[in-house]
Structures are given as structure tokens and as C-alpha cells.
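What follows is a set of notes on a single structure, which appears directly below.
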Protein chains: 2
Amino acid sequence: MPTITDEVRRAPRRDAAANRQALLTAAAEALGENPDAPLEAIASAAGLTRRALYGHFTGRDELVAALIDSGATRLNLVATQTDHADAPTALAMLGARLWHALGHVRLLAAMAVREPHVERVAAALAPVRERLDAIVARGVVEGGIRPDIAPETLARLIERSAIAVLLEASVTELSDAEGHRLVMVSVLGTAGLGWREAAALIDSTPELAMEALA
Amino acid sequence: MPTITDEVRRAPRRDAAANRQALLTAAAEALGENPDAPLEAIASAAGLTRRALYGHFTGRDELVAALIDSGATRLNLVATQTDHADAPTALAMLGARLWHALGHVRLLAAMAVREPHVERVAAALAPVRERLDAIVARGVVEGGIRPDIAPETLARLIERSAIAVLLEASVTELSDAEGHRLVMVSVLGTAGLGWREAAALIDSTPELAMEALA
DNA sequence: AATAAGTTGCACATGCGTGTGCACGTTTGT
DNA sequence: ACAAACGTGCACACGCATGTGCAACTTATT
């Protein structure tokens with residue numbers, strides 16, 4: 001009993017959804033490495049033809065947009081679910097959880113440099129940025145984070161330092177554990193903590209252990 | 001009296017060299033913002049036609065190559081002329097002097113992400129990297145730089161943290177003085193110094209003053 | 001003033017990715 | 001088994017940047 005329209009329609013095929021998903025996955029992978037990857041490459045990586053891709057998306061723009069939005073949604077979720085009374089700890093925690101969403105970060109970072117999408121990525125990632133800004137601002141007031149750099153600028157630098165580690169991980173093969181610690185340590189360094197302080201903080205805070213942030 | 005060949009040739013026109021230089025300058029500017037800037041844009045920014053560009057360079061590749069090489073030469077010069085007995089100081093000094101070559105860094109950083117040129121940039125910049133690696137390695141042994149990260153990895157992260165500041169400067173308008181200090185402070189943070197240590201080091205080292213590194 | 005160097009403006013070929021149309025298979029739901 | 005949903009393979013048009021060829025023109029050099 002069709003309810004949507006008065007036209008008699010049949011339920012869509014199950015494999016269509018699966019193929020759409022395959023396209024999204026393949027696209028995330030391909031565009032993460034090369035933001036200009038041709039649709040041909042994406043489609044064939046998903047086991048389909050370029051022509052078939054147009055059955056799921058109206059074109060490149062829609063595909064990319066979907067990818068950006070879903071990736072950003074994921075990261076925003078991670079960010080808004082992350083917090084801690086101590087600002088530096090919150091910062092490290094945020095970095096660590098982002099490490100475990102490496103794939104998404106890579107994609108977003110790649111698209112954030114391509115002219116047609118800069119704006120969209122920035123907009124979609126606003127929540128993460130707000131979280132970060134809030135943590136930094138709080139940390140500066142409370143004294144856990146360096147006050148010698150304008151908070152907004154510092155937030156951007158911390159952001160970039162986290163991304164630096166995540167991208168460096170694509171070159172130097174880093175284990176999960178190594179990456180986990182490296183992001184925290186690096187972010188804290190940019191936030192103004194000396195390396196001993198950072199290490200002490202991490203080692204004395206069980207919430208920052210990898211097991212706690214799977 | 002022609003000496004080069006037995007063909008009778010005339011000296012090339014003076015303005016040709018000037019135009020070539022104008023092309024290089026315009027290209028550096030344009031490609032620094034957008035590595036894919038069409039030759040048309042570059043040529044017209046230099047007050048010439050795209051067609052005329054081919055009178056100076058065999059094509060895009062040669063132009064880009066010339067640009068990369070000259071930029072890298074400049075940065076390598078800066079790097080090799082920079083040193084200091086104290087490793088952290090040397091690091092800050094290197095960062096600061098790179099700040100004052102912002103234009104070149106921007107160009108190189110932009111090209112370093114474009115597939116056809118990654119390799120060339122990396123090769124051309126080898127001297128800077130060696131310098132940086134050496135400073136970091138020394139600093140780790142002597143104790144001025146954090147030993148909790150593999151030296152090679154740390155060097156790459158410091159590199160990226162410096163570039164982060166330089167790029168951030170393109171967004172947030174930073175004065176010369178602000179940028180100068182921000183790079184140093186940021187680099188030292190990544191190197192493991194706490195923000196108070198970094199500030200103390202900078203303020204107590206006259207060689208790091210902006211006037212000393214014009 | 002004569003001449004070569006340099007520039008312009010146009011035309012044209014080439015390559016590459018995108019987007020679309022259409023006929024013909026293949027798979028799935030009912 | 002039948003029809004709709006989906007995929008394939010091909011063709012074609014379009015846009016955009018690169019690279020060349022060539023005649024006509026301008027500018028510097030001698």
C-alpha cells in the first residue's frame with residue numbers, strides 16, 4: 001500500500017543503498033589522498049562505473065558536499081561529547097579523540113584547501129571550532145594555557161598542530177598508541193606546556209589513556 | 001664583435017630580462033595563493049600575454065621549476081647562515097628568519113602539496129631540513145629540546161608548526177613584529193619548552209630581537 | 001634608418017574531467 | 001514471470017588549460 005504518492009511505486013532495491021555507501025567510502029578514501037581525484041577513480045574503486053555514480057549523486061558537488069557534511073557531523077559529535085574541567089586535559093582529550101577519527105580528519109583537511117569547498121568545510125566545522133575556542137579561552141583565564149598569544153590565534157594554531165600530527169602519521173607509519181600520545185603531547189606543547197608538564201599530565205590522568213578513548 | 005658563435009647576433013633587449021623577472025614575480029605571487037593558477041592569470045598579472053610567456057619559458061613546468069629552485073635556494077641560504085650554540089635559540093632564530101622570507105615560504109608550501117612538484121620541492125629543500133635535523137638532534141642530546149619524540153618526527157612537526165604560523169599570518173593580519181615573535185614562541189613550544197621558558201629565552205637573547213634578524 | 005628581439009592576436013590541436021542521452025543488459029521485489 | 005530499479009557501454013557536447021604556428025606590429029639596439 002503505497003503511501004507517499006498516488007503513483008504505484010516499488011521499494012528501492014537493497015543493493016542500491018549498499019552501492020551508494022560504497023561510493024561514499026571510496027570517495028572519502030580517494031579524496032582524502034587527492035582532493036581532485038576524478039569521479040572515474042572513485043566509481044571504479046567502488047566497483048561501479050562513472051555513469052552509475054550519476055544515479056546516486058547529481059554530480060561531483062553533491063557527492064563532495066555529502067562527504068563533507070557527514071564527516072563534519074562525525075567530528076562535531078566527537079567534539080561536543082568531549083570535555084573536562086581542566087582545560088589542558090580537555091584539549092588533550094579532544095586531540096586524542098580526533099586521532100581516532102583520522103580518516104574523517106584527513107578528508108576534511110584535504111577539502112579545506114580546495115577552493116570550491118573551503119567555505120563549506122569551515123561552516124560545517126563551526127561546532128568543533130567553538131568547542132576549541134571555548135576550551136582555550138577558559139584555559140587562558142584559569143591559567144592552564146599560555147596567555148601570551150591571542151586566544152583566537154592560539155586556537156587556530158592548536159588546530160593546525162593537531163592536524164600536523166595527523167598528516168605526519170600518513171607519512172611516518174605511526175601505531176595507534178604512538179599517534180594517540182603524539183597528538184596529545186603536541187597539542188599541549190602548542191598550548192604552552194613544557195614537555196615534562198605535558199607528560200606528567202597525561203600519565204597522571206587516566207581519562208587520557210588510550211583505553212579510555214577507544 | 002660577436003664572440004659566442006660565428007653567427008652574427010645582437011645583444012638581447014634589456015626589457016626582456018625585466019619581463020622575465022616580472023613573470024617570475026607575478027608567478028610567485030599567483031601560485032602562492034593558488035598553485036593551479038592558469039598561465040593566463042600569471043602572464044596578465046605581469047603585464048604580458050600568455051603567448052609571450054612561452055618566449056621566456058618552455059612551458060608551465062619550466063616556470064614552476066625555476067620558481068621552486070630559486071625560492072629554495074633563498075631559504076637554504078637563510079638556513080645555512082643561521083646557527084647558534086644553544087639549540088633552542090638556533091631553532092627560534094631559524095624560524096624568525098624564515099618569517100622574514102614569508103613570500104618564498106608561502107610559495108614552496110603551496111607547491112609542496114601539488115602532486116607534480118612534491119618531489120622537487122622536497123629535494124630542493126633538503127639543506128634546510130638537514131640544518132633543522134641537526135639542530136634538533138643536537139638539542140635532544142644536550143637537553144635543551146624534548147627527548148620524548150623521535151628526533152626525525154619532531155623535526156617534521158617543528159617544521160609544520162612554523163609553516164602553520166606563516167600561513168595563519170595570511171589570514172589574521174599580523175604585523176612584522178607579531179609574526180616574528182609568534183613563530184619563535186610557537187616553534188619553541190613544539191620543541192618542548194613551556195611558554196614561560198620560551199618567553200624568558202627570547203627576552204634574554206639579544207640575537208633573537210627583530211632588529212638583529214632584519 | 002635598418003634589423004633583430006620581443007610582443008600581440010588569432011587559430012588550432014590536444015588532453016582531461018564533467019555531465020547527459022540512450023539502448024541494452026542484469027538484478028531485485030512482488 | 002513480469003516489471004521496475006539499477007548498472008553498463010557507448011556516444012557526444014562542453015568547458016578549461018596547455019602548447020604551437022604564424023603574420024603583423026612595436027621596441028630596443030647598432
Side-chain angles (χ1 to χ4, degrees), chain A residues 1-27 30-31 33-67 110-111 114-117, chain B residues 1-27 30-31 33-67 110-111 114-117:
Chain A
M1 174 194 191
T3 52
I4 306 299
T5 74
D6 46 348
E7 288 289 331
V8 178
R9 296 213 215 170
R10 175 147 64 182
R13 284 166 48 173
R14 276 196 323 276
D15 60 336
N19 281 337
R20 184 191 166 92
Q21 191 49 51
L23 282 170
L24 286 169
T25 308
L31 297 177
E33 283 182 5
N34 169 24
D36 297 317
L39 296 184
E40 173 69 45
I42 296 174
S44 73
L48 292 183
T49 320
R50 183 173 70 92
R51 190 63 186 79
L53 188 150
Y54 288 95
H56 294 276
F57 305 92
T58 63
R60 183 180 246 284
D61 286 349
E62 191 180 295
L63 172 59
V64 172
L67 234 36
M111 302 319 279
R114 266 325 168 281
E115 240 333 315
H117 311 114
Chain B
M1 176 192 190
T3 52
I4 306 299
T5 74
D6 46 348
E7 288 288 331
V8 179
R9 296 211 214 170
R10 176 143 68 184
R13 284 166 48 172
R14 275 199 321 278
D15 62 338
N19 281 338
R20 184 191 165 91
Q21 191 50 50
L23 282 171
L24 286 170
T25 307
L31 297 178
E33 283 182 4
N34 169 22
D36 297 317
L39 296 184
E40 172 69 48
I42 296 174
S44 73
L48 292 183
T49 322
R50 183 173 71 93
R51 191 61 185 82
L53 188 152
Y54 288 94
H56 295 274
F57 304 92
T58 63
R60 184 179 243 283
D61 286 348
E62 191 179 296
L63 172 59
V64 172
L67 234 36
M111 303 318 279
R114 266 327 167 283
E115 240 333 314
H117 310 114

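All figures in this text were calculated on a predicted structure; none of them were measured in a lab. Within every chain, numbering begins at 1; the chains are lettered A, B, ... in the order of the sequence lines, protein sequences first and strands thereafter. Every heavy atom of this structure was used, including side-chain atoms; hydrogens, water molecules and symmetry mates were not.
- Going from atom CG of B:L63 over to atom NE2 of B:H56 covers 11.0 Å, rounded to the nearest 0.5 Å.
- Note: CG (A:L23) to P (D:dT8) measures 10 Å, nearest angstrom.
- Distance check: B:N19 CG to B:L48 CG gives 4.5 Å after rounding to the nearest 0.5 Å.
- The line from CG of A:L53 to CD of A:E62 is 10.0 Å long, rounded to the nearest 0.5 Å.
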Distances under 3.5 Å only, N/O to N/O: pair up the protein atoms with those of nucleotides 6-13 of chain C.
{"from": "C:dG6", "atom 1": "O4'", "to": "B:R13", "atom 2": "NH1", "distance (Å)": "3.4"}
{"from": "C:dT7", "atom 1": "OP1", "to": "B:N19", "atom 2": "ND2", "distance (Å)": "2.6"}
{"from": "C:dT7", "atom 1": "OP1", "to": "B:H56", "atom 2": "NE2", "distance (Å)": "3.4"}
{"from": "C:dT7", "atom 1": "OP2", "to": "B:H56", "atom 2": "NE2", "distance (Å)": "3.0"}
{"from": "C:dT8", "atom 1": "OP2", "to": "B:T49", "atom 2": "N", "distance (Å)": "2.9"}
{"from": "C:dT8", "atom 1": "OP2", "to": "B:T49", "atom 2": "OG1", "distance (Å)": "2.7"}
{"from": "C:dT8", "atom 1": "O5'", "to": "B:T49", "atom 2": "OG1", "distance (Å)": "2.9"}

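- Side-chain contact between A:V64 and A:M111 is present, with heavy atoms from C-beta onward closer than 4.5 Å.
- Atom P of nucleotide D:dC16 and atom CD1 of B:I42 are separated by 18 Å, given to the nearest angstrom.
- Nucleotide D:dG15 holds its C1' atom 15 Å from the CG atom of A:L39, rounded to whole Å.
- Taking atom CZ on A:F57 and atom P on C:dT20, their separation rounds to 15 Å, with Å as the unit.
- In this structure, B:D36 atom CG and C:dG17 atom P are separated by 13 Å, rounded to whole Å.
- Between the C1' atom of C:dT20 and the OH atom of A:Y54 lies a distance of 9 Å, rounded to the nearest Å.
- Rounded to whole Å, the distance from CD on B:E40 to C1' on D:dC16 is 12 Å.
- Between A:N34 atom CG and B:R114 atom CZ the span is 9.0 Å, to the nearest 0.5 Å.
- Interatomic distance, OG1 of A:T25 versus CD1 of A:I42, reported as 11.5 Å (0.5 Å rounding).
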